[in-house]
Amino acid sequence: GAGVSQTPSNKVTEKGKYVELRCDPISGHTALYWYRQSLGQGPEFLIYFQGTGAADDSGLPNDRFFAVRPEGSVSTLKIQRTERGDSAVYLCASSYGPGTEAFFGQGTRLTVV
Amino acid sequence: GIQVEQSPPDLILQEGANSTLRCNFSDSVNNLQWFHQNPWGQLINLFYIPSGTKQNGRLSATTVATERYSLLYISSSQTTDSGVYFCAPSNQAGTALIFGKGTTLSVSS
């Protein structure tokens, strides 16, 4: 696609529920990144994929967070047993490879009530 | 990990004024990007600048990697320049951009 696409743009869920956030990267980009941005802060790294594999998941806050990229294109960020503290904007980015220019999607605003 | 400090945290300008935003980072980096986050939250790429100087219209950026800082210059500011400006160097492996807290710019007419 022309840019990184994220769906849904907004998601409201109840505490304890499971959510999935989707990212469709720029065509041809093998690197994909997930970030989380809280109000008034800069984006915080969560996980990096090179192709299908999670090459760096050092930013995942705990085991309730998981992400997949089974075919090396679309990625899904999965959050189990959501907590109110998970409320944030979740951003996805893609690039041609590690350390190359990254481009961001418009984000998914997750609200846990 | 790399620490990123941006200054000033907030900046208020009159339309037409010039400004310089600074980004200091704590370790050597292989690449660095500047972004503008508009009021709708979209992160817009401004510069990919591991070193040297680049210019794009009214904006220019300089990174001095050996001294661990980067500068973003905005000349003849416009109200549409308002938003948050982020500097983001990459970690050594290139697997993550490390963001500062940003500089919030408000330009009034």
Side-chain angles (χ1 to χ4, degrees), chain A residues 2-6 8-10 23 26 29-51 53-61 67 69 75 87-111, chain B residues 1-7 9-10 21 23-51 54 56 61 63 65 70 72 83-106:
Chain A
V4 179
S5 176
Q6 292 186 246
S9 50
N10 282 284
C23 173
I26 292 171
H29 281 189
T30 60
L32 186 145
Y33 316 76
W34 283 99
Y35 290 80
R36 176 170 70 174
Q37 187 175 22
S38 301
L39 198 62
Q41 302 295 316
E44 173 190 4
F45 169 73
L46 295 176
I47 187 169
Y48 163 78
F49 286 89
Q50 180 56 43
D56 182 352
D57 64 358
S58 61
L60 294 178
R69 195 185 185 200
S75 176
S87 297
V89 175
Y90 288 81
L91 295 163
C92 176
S94 70
S95 70
Y96 279 115
T100 61
E101 188 173 9
F103 295 85
F104 281 79
Q106 82 283 9
T108 293
R109 181 175 298 279
L110 175 67
T111 303
Chain B
I2 298 171
Q3 304 297 313
V4 180
E5 288 187 10
Q6 291 189 242
S7 59
D10 300 282
L21 281 57
C23 172
N24 292 331
F25 40 93
S26 61
D27 205 348
S28 59
V29 299
N30 295 323
N31 67 79
L32 182 146
Q33 291 187 238
W34 280 95
F35 296 91
H36 174 213
Q37 190 164 44
N38 64 23
W40 297 270
Q42 177 71 50
L43 279 165
I44 298 165
N45 290 42
L46 297 178
F47 294 100
Y48 174 83
I49 184 162
S51 63
K54 290 187 178 179
N56 184 1
T63 296
S70 184
L72 179 70
V84 184
Y85 289 80
F86 288 106
C87 158
S90 171
N91 63 1
Q92 282 295 317
T95 59
L97 291 172
I98 311 302
F99 284 78
K101 291 187 176 181
T103 292
T104 301
L105 174 64
S106 298

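Just so it is clear: chains get the letters A, B, ... in the order the sequence lines come, proteins before strands, and each one is counted from 1.
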Side chain / backbone / both / neither for B:N30 at chain A, heavy atoms under 4.5 Å: neither
Contact origin within B:A88 toward chain A - heavy atom pairs under 4.5 Å: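 For B:A88, there is no contact with chain A at all, as no heavy atom is under 4.5 Å.
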Enclosure of A:Q41 CD (heavy-atom neighbours >12, cutoff 6.0 Å): yes
For chain B, which residues of residues 100-109 of chain A have heavy atoms nearer than 4.5 angstrom: A:T100, A:E101, A:A102, A:F103, A:F104, A:G105, A:Q106
Part of A:Y35 within contact of chain B (heavy atom distance under 4.5 Å):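 It is the side chain, since no backbone atom gets that close.
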Proximity breakdown for A:L46 and chain B, heavy-atom pairs closer than 4.5 Å: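 For A:L46, there is no contact with chain B at all, as no heavy atom is under 4.5 Å.
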Best-contacting candidate, A:P98, A:A55, A:G99, A:G40, against chain B by heavy atom pairs under 4.5 angstrom: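 Looking at each option in turn, the highest pair count goes to A:G99.
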Pairs of heavy atoms under 4.5 Å with chain B: top-ranked of A:P43, A:A93, A:A31: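 Looking at each of A:P43, A:A93, A:A31 in turn, A:P43 comes out on top.
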From CD1 (B:I98) to CD (A:E44), nearest 0.5 Å: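 It comes to 10.0 Å.
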From A:S58 atom OG to B:N91 atom CG, the distance as rounded to the nearest 0.5 Å: 7.5 Å
Heavy-atom pairs under 4.5 Å with chain A, option from B:Q37, B:K101, B:Q92 with the top count: B:Q37
